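Notes follow the structure.
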Amino acid sequence: MAFTDELNALNNAFSGLGVDEKSLISILGNSHPEERKCFRKGTPHLFKEDERLFERWNDERVRLLKHEFMRFKNAVVLWAMHPWERDARLVKEALKKGTEVHGVIVEIACTRSSEELLGARKAYHSLFDHSIEEDVASHIDGPESKLLVAIVSAYRYEGAKVNDVTAKSEAQTLSHVLKNTDNTNPIEDDEVIRILSTRSKAHLQVVYKHYKEISGNNMDEDLGADLMLKEAVQCLCTPHTYFSKVLEVALRNDVDKNTKKGLTRVIVTRADTDMKQIKEEYQNQYGVSLSSKIEKTANGNYKDFLLTLVART
């Protein structure tokens with residue numbers, strides 16, 4: 001196998017998101033012992049020699065490869081689930097993993113319809129014998145808890161009717177709060193939480209428009225480092241831009257495993273809903289199609305499955 005096209009193909013099979021199962025089967029499956037030795041020598045990022053010159057897998061790489069081999073399985077399992085169960089399990093996983101993935105709870109609470117969120121709450125009861133609200137309240141401390149409990153408990157009006165006068169008044173209220181952050185943390189402000197957790201998405205999108213007219217900036221821009229509040233605003237007011245950003249970051253090579261999971265999560269949960277709009281926004285934002293980015297970054301069955309879901313709309 002000496003440093004040939006086959007060695008390069010194997011390197012590529014182990015690179016990116018997922019693994020190229022077909023290459024592994026055709027090349028490694030048909031390789032001889034000397035060829036596999038050459039492969040180990042030629043991939044120091046996968047194998048290392050100890051003081052006895054014994055060639056062994058790098059334990060950290062084995063751990064990472066387990067995640068890559070599981071990407072396809074996880075995507076298929078999530079896709080086959082009832083959407084309510086899927087969201088309930090995603091919330092439970094986010095609560096277990098801690099602060100760095102609490103944004104997943106915001107995403108589910110703020111991008112699902114009222115009936116979809118209610119369904120996820122019902123599924124959570126059946127699966128875990130608790131409510132989402134009580135687990136959020138008991139697992140999350142600090143000011144974030146109040147916002148999260150409010151948005152996961154919401155049952156928003158889904159109609160298109162909006163009172164423009166009220167929307168403009170609330171935009172002014174939010175602008176005042178966000179311009180005076182020296183006096184109060186916006187995520188602790190009762191009016192901010194009331195507006196974001198009770199108003200319809202159509203209403204909030206008008207609030208978002210008026211806010212820019214009043215302040216000169218988008219609301220999420222004025223939120224600065226308050227990531228949870230910023231994500232809530234983006235999910236409620238500009239969801240396709242939010243999802244495009246999650247996908248773009250997940251497709252980078254230099255991000256952690258929790259961030260990379262966003263690729264599977266967004267494509268699986270939005271394929272039946274608004275993937276067409278997400279693809280259009282992704283193209284507008286990044287100048288490349290989502291499908292071509294996945295084609296370039298992912299591997300094997302995982303790549304093929306994601307491309308199939310993306311192409312459904």
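Side-chain atoms are counted along with the backbone in the values below, which use heavy atoms only and exclude waters and symmetry mates. Just so it is clear, the structure is predicted and the values come from calculations on it, not from any experiment.
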Discussion item. Is it the case that atom NZ in K37 sees more than 12 heavy atoms from other parts of the structure closer than 6.0 Å?
Written reply: no
Worksheet item: If you measure from the Lys or Arg side-chain nitrogens to the Asp or Glu carboxylate oxygens, is any gap between K146 and D190 under 4.0 Å?
Response: yes
Worksheet item: Does the side chain of Y155 come under 3.5 Å of the side chain of E115 through a donor N or O and an acceptor N or O?
Response: yes
Worksheet item: Is a side-chain N or O of R270 found less than 3.5 angstrom from the main chain of M275, in a donor-acceptor match?
Response: no
Fill in: Crowding at NE2, H176 (>12 non-hydrogen neighbours, <6.0 Å)
no
Item to complete: To the nearest 0.5 Å, tell me how far K168 NZ sits from I214 CD1.
Response: 6.5 Å
Worksheet item: Less than 4.5 Å apart, any side-chain heavy atom of I267 and any of L247?
Response: yes
Discussion item. Quick one about Y282 and E248 (side-chain donor to acceptor, distance below 3.5 Å, no hydrogens or angles considered), yes or no?
Written reply: yes
Worksheet item: Roughly how far apart are N301 CG and L306 CG, rounded to 0.5 Å?
Response: 11.0 Å
Worksheet entry | Whether over 12 other heavy atoms sit under 6.0 Å from K212 NZ | no
Practice prompt. Answer yes if the side chains of E68 and Y302 hold a donor-acceptor pair under 3.5 Å, and no otherwise.
Written response: no
Response to the item:
Output for pair (D274 CG, H240 NE2), nearest 0.5 Å, gives 3.5 Å
Fill in: Any R194 side-chain heavy atom under 4.5 Å of R199 side chain
yes
Worksheet entry | Rounded distance (nearest 0.5 Å) linking atom CD1 of I151 with atom CG of L196 | 8.5 Å
Worksheet item: Is there a donor-acceptor pair under 3.5 Å between the side chain of T308 and the backbone N or O of D304?
Response: yes
Worksheet item: Do E158 and S113 come close enough that some side-chain heavy atom pair is under 4.5 Å?
Response: yes
Fill in: V246 side chain near R265 side chain, heavy-atom distance below 4.5 Å
yes
Fill in: Side-chain ion pair, D226 and K230, N-O less than 4.0 Å
no
Discussion item. Between D272 and W79, is there a side-chain heavy-atom distance shorter than 4.5 Å?
Written reply: yes
Worksheet item: If we only count heavy atoms from C-beta on, is the V177 to E191 side-chain gap below 4.5 Å?
Response: no
Fill in: Residues E93, K261: salt bridge by 4.0 Å N-O rule
yes
Item to complete: Identify whether NZ of Lys or CZ of Arg in K92 sits under 6.0 Å from the centre of the six-membered ring of F128 and within 45° of that ring's axis.
Response: yes
Worksheet item: When you check the side-chain N and O atoms of Y208 and D220, is any donor under 3.5 Å from an acceptor?
Response: yes
Worksheet item: Is any side-chain heavy atom of T269 closer than 4.5 Å to a side-chain heavy atom of L90?
Response: yes
Worksheet item: In Å and rounded to the nearest 0.5 Å, what is the CG to CG distance from D222 to L229?
Response: 11.5 Å
Worksheet item: Do D189 side-chain atoms and V192 backbone N/O form a donor-acceptor pair below 3.5 Å?
Response: yes
Worksheet item: To the nearest 0.5 Å, what is the distance between CG (D135) and OH (Y124)?
Response: 3.5 Å
Worksheet item: Considering only heavy atoms from C-beta outward, does the side chain of I294 approach that of L17 to under 4.5 Å?
Response: no
Practice prompt. Under the side-chain hydrogen bond (donor to acceptor under 3.5 Å, both in side chains) rule, collect the residues that match up with R63, sequence neighbours excluded.
Written response: E60
